[in-house]
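First the structure, in the form of structure tokens, and then the observations on it.
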Amino acid sequence: MNLRVASAHAGHHTVTALLPAPHTPMLLASLRFDVPYGRLEAGLSGLHDAIRVRHTSRYPSSERPIPESHRAALVEAAAGEGARPAFLTTPHREAVPDLVLDAEGLPPHGRRPGGRTARPDPRRPRRITRGRDPGVRLRPRQTRRRRPMRDFAGRRPIPGHPYADFEKRPQLASLGTTHDGPADWLRAGQALERVLLRATRQRLATPFAAQPLQ
């Protein structure tokens with residue numbers, strides 16, 4: 001998605017193909033530049049500046065409602081990639097935190113039960129190293145009831161890990177596709193990034209609650 005955005009910003013007419021070689025499954029996509037049958041994805045060009053500044057938030061968010069115009073723009077961004085977003089309401093909004101809490105206590109796929117999920121970085125007291133993402137920053141622990149925010153520490157206490165008050169009513173959205181195959185996973189990933197870039201343009205913070213899926 002970021003390559004498509006950058007290509008549109010540079011004025012290139014492109015053609016994107018997902019899984020273009022069935023016998024080479026690791027070739028996920030191809031992008032052809034300035035071919036006669038290519039097109040300029042003008043709708044992506046305006047997202048270019050957001051690529052450099054987009055980041056995942058691990059801190060409390062405001063409970064101020066997201067304006068309907070912003071929500072409509074996010075829905076349009078996902079639909080442009082063939083995905084279906086939905087802003088969760090009761091009872092689904094209340095069920096997601098329970099799913100996240102259950103998943104947070106389980107070992108990640110492929111890791112033995114009881115294995116470490118995070119460890120303090122001795123050089124930086126409040127910086128945590130984890131897996132293949134060295135130095136990932138943990139969000140503060142929540143002083144209220146657990147909510148669907150990624151913690152990376154599981155249920156183990158981390159020395160020097162601060163606490164903070166998180167929102168009581170998080171504004172949650174899900175994103176899905178009609179089918180569930182490799183091409184659909186790629187479409188979902190592109191749709192997610194397009195939504196995140198659009199949200200960045202709207203100055204919205206974007207944390208994740210991916211533990212149940214993982």
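- A 6.0 Å sphere centred on CZ of R201 holds no more than 12 heavy atoms belonging to other residues, nucleotides or ligands.
- Between the CG atom of L28 and the CH2 atom of W185 there is a distance of 11.0 Å, given to the nearest 0.5 Å.
- Checked by atom type and distance alone, the side chain of H23 never pairs as donor or acceptor with a backbone atom of A21 at under 3.5 Å.
- T24 places no side-chain N or O within donor-acceptor distance of the main-chain N or O of M26, the cut-off being under 3.5 Å.
- Expressed to the nearest 0.5 Å, how far CZ of R169 lies from CZ of R93 amounts to 7.5 Å.
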- [ ] Starting from the C-alpha separation in whole Å, work towards a yes-or-no answer on side chain to side chain contact (heavy atoms under 4.5 Å, CB included) for L44 and R194.
- [x] CA-CA 8 Å; L44 299 182; R194 186 165 176 172; 3.4 Å; yes

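- Between the side chain of D34 and the backbone N or O of H12 there is no donor-acceptor pair closer than 3.5 Å.
- Looking at every heavy atom in both residues, L31 comes nearest to S7 through CD2-OG, 3.8 Å.
- One distance of note links CZ of R198 with CG of L204; it measures 11.0 Å at 0.5 Å rounding.
- For A183 against L19, the heavy-atom pair with the smallest separation is N-CD1, 3.6 Å.
- Shortest non-hydrogen contact noted between T206 and R54 is OG1-NH1, 3.8 Å.
- Residues L172 and H92 form no side-chain contact, since every pair of their non-hydrogen atoms from C-beta on lies 4.5 Å or further apart.
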Task: Derivation of the side chain to side chain contact (heavy atoms under 4.5 Å, CB included) call for I51 and L197 - done: CA-CA 7 Å; I51 293 176; L197 293 177; 4.1 Å; yes

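- Scanning both residues, V5 and L47, for their nearest heavy atoms gives CG1-C, 3.8 Å.
- Between R52 atom CZ and T200 atom OG1 the span is 14.0 Å, to the nearest 0.5 Å.
- Side-chain atoms of Q171 come within 3.5 Å of backbone atoms of I66 as a donor-acceptor pair (strictly under, hydrogens ignored).
- The two atoms that bring A191 and A83 nearest to each other are CB-CB, 3.5 Å, heavy atoms only.
- In this structure, the separation between OG on S45 and CG on L40 is 7.5 Å, given to the nearest 0.5 Å.
- In summary, E81 and R187 do not engage in a salt bridge, as defined by a charged side-chain N under 4.0 Å from a carboxylate O.
- Using a 4.5 Å heavy-atom cutoff, the side chains of D184 and T178 are not in contact.
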TODO: List the steps, then state whether side chain to side chain contact (heavy atoms under 4.5 Å, CB included) holds for F208 with L213.
DONE: CA-CA 11 Å; F208 290 97; L213 296 178; over 6 Å; no

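- The distance from the CG atom of N2 to the CD atom of E193 is 4.0 Å, given to the nearest 0.5 Å.
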TODO: Take S30 and T16, measure what side chain to side chain contact (heavy atoms under 4.5 Å, CB included) needs, and give me the verdict at the end.
DONE: CA-CA 6 Å; S30 67; T16 303; over 6 Å; no

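- When side chains are defined from C-beta on, Y37 counts as touching V15, because their heavy atoms get closer than 4.5 Å.
- Side chains of R4 and Q190: a donor-acceptor N/O pair is present below 3.5 angstrom, by distance only.
- Heavy-atom minimum distance, T177 versus A188: CG2-CB, 4.0 Å.
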